[in-house]
Amino acid sequence: MGKNIVEKIFEAHLAYGELKAGSPVGLKVDQVYTQDATGTMAWLQFEAMGLDRVKVPLAVSYVDHNMVQSNFMNPDDHKFLQTVAAKYGAYFSRPGNGICHQVHLEQFAAPGKIALGTDSHTPTGGGMGMIAIGVGGLDAATVMGGSPFEVNMPQVVKINLSGKLRRPWVTAMDVILEILRRLTVKGGVGKIMEYGGAGVNDLSVPERATITNMGAELGATTSVFPSDKRTKFYLTAVGRASEWTELKADRGAKYAEVIDIDLDTIEPMIAQPHSPDNVVTVKSLSGTKVDQVCIGSCTNSSYQAMKAVASLLKDNTVAEGVNLLINPGSKQVYEMIAKEKLTSEMIAAGARMLESSCGPCIGMGGAPGSGQVSVRSFNRNFKGRSGTKDASVYLASPVSCAVFAVKGEIADPRESGLQISPFKEPSKYLINRNFIIAPKADTTDVKVIKGPNIKEVSVKEPLEDTIDAEVLLKLGDNITTDDIMPAGAKVLPFRSNIPAISEFVFENIDKTFSSRASEAKSKGGGIIVGGENYGQGSSREHAAIAPMFLGIQAVLVKSFARIHRSNLINFGILPLQFENPEDYSRIAGGDRLLIRDVNATVSGSQKYAVENTSQGYGFIVVSTLNEREQEIIKNGGLLPYTKARSAR
Ligand code: MIC
Ligand code: SF4
């Protein structure tokens, strides 16, 4: 029987299990990478395992998020990450070297491999024909410690591309925005998007990477393209031709679903506030005044994107009412555009050039003003993520963004009257690895340096047999990890300090949450109730560790996003779902919920009888834990579970 690409890669890496949708499979992982905002926890957890060296063929520690350095905390984290990488045999990508996903694509991504990253946009590597999956820090640490990575086998959906993009005004960003419009932020949950069809050939690796990167916003486990002559061309151009292998689906390969996209029909698209799937055509918003434009992020900061932007800005001026911020994705991209005098076109037009880092995408600077309109070539526009709660953030391609910056308003780029020079994919990129420190064989003399803000990882007690807890918060659908555990310049410096960061849990939704939770902790703890797709967005495990620290026992929702569900389990919070979604509307904030025989139910029927003792009625909730997850939950999380196993 013909195989699809996902089956081929999974099969070649299978440690245990069966490639049957929904059942757990263990995979041998080739590469693991961390970024600084999630990496400090991941590396502290790795350190706690007591091993001498990482047990994966390649590990990389990147620094790209916490770059504002308004005090000692960020640079202390950087020093820790540098020394811990040196100690345990990982590469270190120095601050300034660029956004992890862009650098990884340039330097390490290779077809046919499996990579994990402690960041939800790790699927960027899918543009290179690899399976690249975003995970929580503890999952990454366990895999670096030599365990296989366990995931429930996703369904494989084929996105069948035909035709050609109408360049230069229509870009890969418009393709993924159109897919988000059709499928929504829940459309990819439990699925891998595998791209195929004749239209694949029209897209370069960086363009494919834009599409797989933002596949994260579909909720998909990952997305992957074939490895073909365009992949070979790119790998050759970045000096890694020997890492190319061909990878394509067999004729007759089976898919759970096939979605057809004709590239010829794609128009410039834009996501409106406050969700990446709230997509319409750019044309339909023509005339909307713009205050800020940001170009960059791991989605759209390649050489190709920057070159297009520079060419549009050439001999133009950023409109009077607009601030334009640009962050090239990597030092290599930056160096290359500087050499070609493209940065001078940007600067001359009035762009404010930022360093190669996440920057405004995660609210590390570049917040828009009150009530302002900001259009960004980024991937997420959740309310408040920019740092300004009442800002209206839109998402569009770098080309569209540059047009808006010059025009001062949203305008169909095709009718803007601006010029853009044709782009030819370079056959040779500038290559400079001087900001990547390679691992050394002998690490005995390396000392790991931890600043005073770096605190040990908190651990939960084993699961209690009775949960009698208060509903501390009742939320709607699509709650993001930015809602649960906000990021931004104020909060991100506390990523290595759980007691301190816990004070910010749900801060943008309910300022009293952390104090109420702390109060409830001694009286049985708290429960959070939510709707569909709870925990969508980032991989930050702080959205589970901090609630755990505050005494949250269970999260009860209609459905979960994948990475967040795993993070809850890893930190011992019971992930529960309504058996009958209609019971959601009966619960009120402040109700007390009572569940008995929790341990037996976790390893038995997984159907829990819940008593709402405040309102006096009962209902059923379920969990869908596989065997390993059941044991993890009972032990109080993955760390105590691992300890218990190794003590056996
Ligand atoms: C994000 O885009 O939200 C982040 C910041 O990159 C997160 C990781 C984090 O919270 O550190 C992600 O996407 O996983
Ligand atoms: Fe960084 Fe933004 Fe990409 Fe997250 S989405 S990795 S914050 S650039």
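Note: hydrogens, waters and symmetry copies are ignored here, and every other heavy atom, side chains too, is used. Counting starts at 1 for both ligands and their atoms, following the listed order.
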Have [X] and [Y] got a donor and an acceptor in their side chains that come within less than 3.5 Å?
{"X": "Thr299", "Y": "Asn379", "answer": "yes"}
{"X": "Arg385", "Y": "Ser538", "answer": "no"}
{"X": "Asn323", "Y": "Arg352", "answer": "yes"}
{"X": "Ser330", "Y": "Glu106", "answer": "yes"}

At a 4.0 Å threshold, what atoms of ligand 1 neighbour a non-hydrogen atom of [X]?
{"X": "Ala37", "result": "11 (O)"}
{"X": "Thr38", "result": "9 (C), 11 (O)"}
{"X": "Arg495", "result": "9 (C), 10 (O), 11 (O)"}
{"X": "Ser539", "result": "12 (C), 14 (O)"}
{"X": "Ile362", "result": "3 (O), 5 (C)"}

Q | Candidate list Ile211, Asn300, Asn213, Ile270, test side chain to side chain contact (heavy atoms under 4.5 Å, CB included), partner Met173, passing option | A | Asn300
Q) Which of these passes side chain to side chain contact (heavy atoms under 4.5 Å, CB included) with Leu475: Ile509, Val557, Val555, Asp510? A) Ile509
(Q) Rounded at 0.5 Å granularity, tell me how far CZ in Phe549 sits from NE2 in His542. (A) 12.5 Å
Q. So how far is it from Glu217 CD to Asn381 CG, rounded to the nearest 0.5 Å?
A. 9.0 Å
Q.
Less than 6.0 angstrom separating the ring centers of Tyr91 and Tyr33, yes or no?
A. no
Q.
Looking at non-hydrogen atoms alone, which of His121, Arg385, His65, Arg540 comes nearest to atom 2 (O) of ligand 1?
A. Arg385
Q) For atom 1 (Fe) of ligand 2, which of Cys100, Gly117, Cys358 has the closest heavy atom? A) Cys358
Give the contacting part of [X] toward ligand 2: side chain, backbone, both or neither, where contact means a heavy-atom distance below 4.0 Å.
{"X": "Thr299", "result": "neither"}
{"X": "Gln35", "result": "neither"}
{"X": "Asp119", "result": "side chain"}

Is it true that a side-chain atom of [X] and a backbone atom of [Y] form a donor plus acceptor pair closer than 3.5 Å?
{"X": "Gln82", "Y": "Arg94", "answer": "no"}
{"X": "Asn570", "Y": "Leu138", "answer": "no"}
{"X": "Asp119", "Y": "Gln35", "answer": "no"}

(Q) Test of understanding: given a 4.0 Å heavy-atom threshold, classify the contact between Asp119 and ligand 1 as side chain, backbone, both, or neither. (A) both
List ligand 2 atoms under 4.0 Å from [X], heavy atoms only on the residue side.
{"X": "His121", "result": "5 (S)"}
{"X": "His101", "result": "6 (S)"}
{"X": "Asn379", "result": "5 (S)"}

Q) Is Arg380 near ligand 2, meaning one of its heavy atoms is under 4.0 Å from it? A) no
Q: Look at Asp482 together with Arg540 and state whether they make a salt bridge at an N to O cut-off of under 4.0 Å.
A: yes
Q: Flag His65 as yes if one of its N/O/S atoms falls below 2.8 Å of atom 2 (Fe) of ligand 2, otherwise no.
A: no
For [atom], what is the closest protein heavy atom, and at what distance to 0.1 Å?
{"atom": "atom 13 (O) of ligand 1", "answer": "Ser120 OG, 2.5 Å"}
{"atom": "atom 2 (Fe) of ligand 2", "answer": "Cys361 SG, 2.3 Å"}
{"atom": "atom 8 (C) of ligand 1", "answer": "Gln35 NE2, 3.2 Å"}
{"atom": "atom 12 (C) of ligand 1", "answer": "Ser538 CB, 3.1 Å"}

Q.
In this structure, does ligand 1 have an atom that sits under 4.0 Å from one of the heavy atoms of His542?
A. no
**Q.** Contact flag Cys298/atom 3 (Fe) of ligand 2, N/O/S atoms, threshold under 2.8 Å
**A.** yes
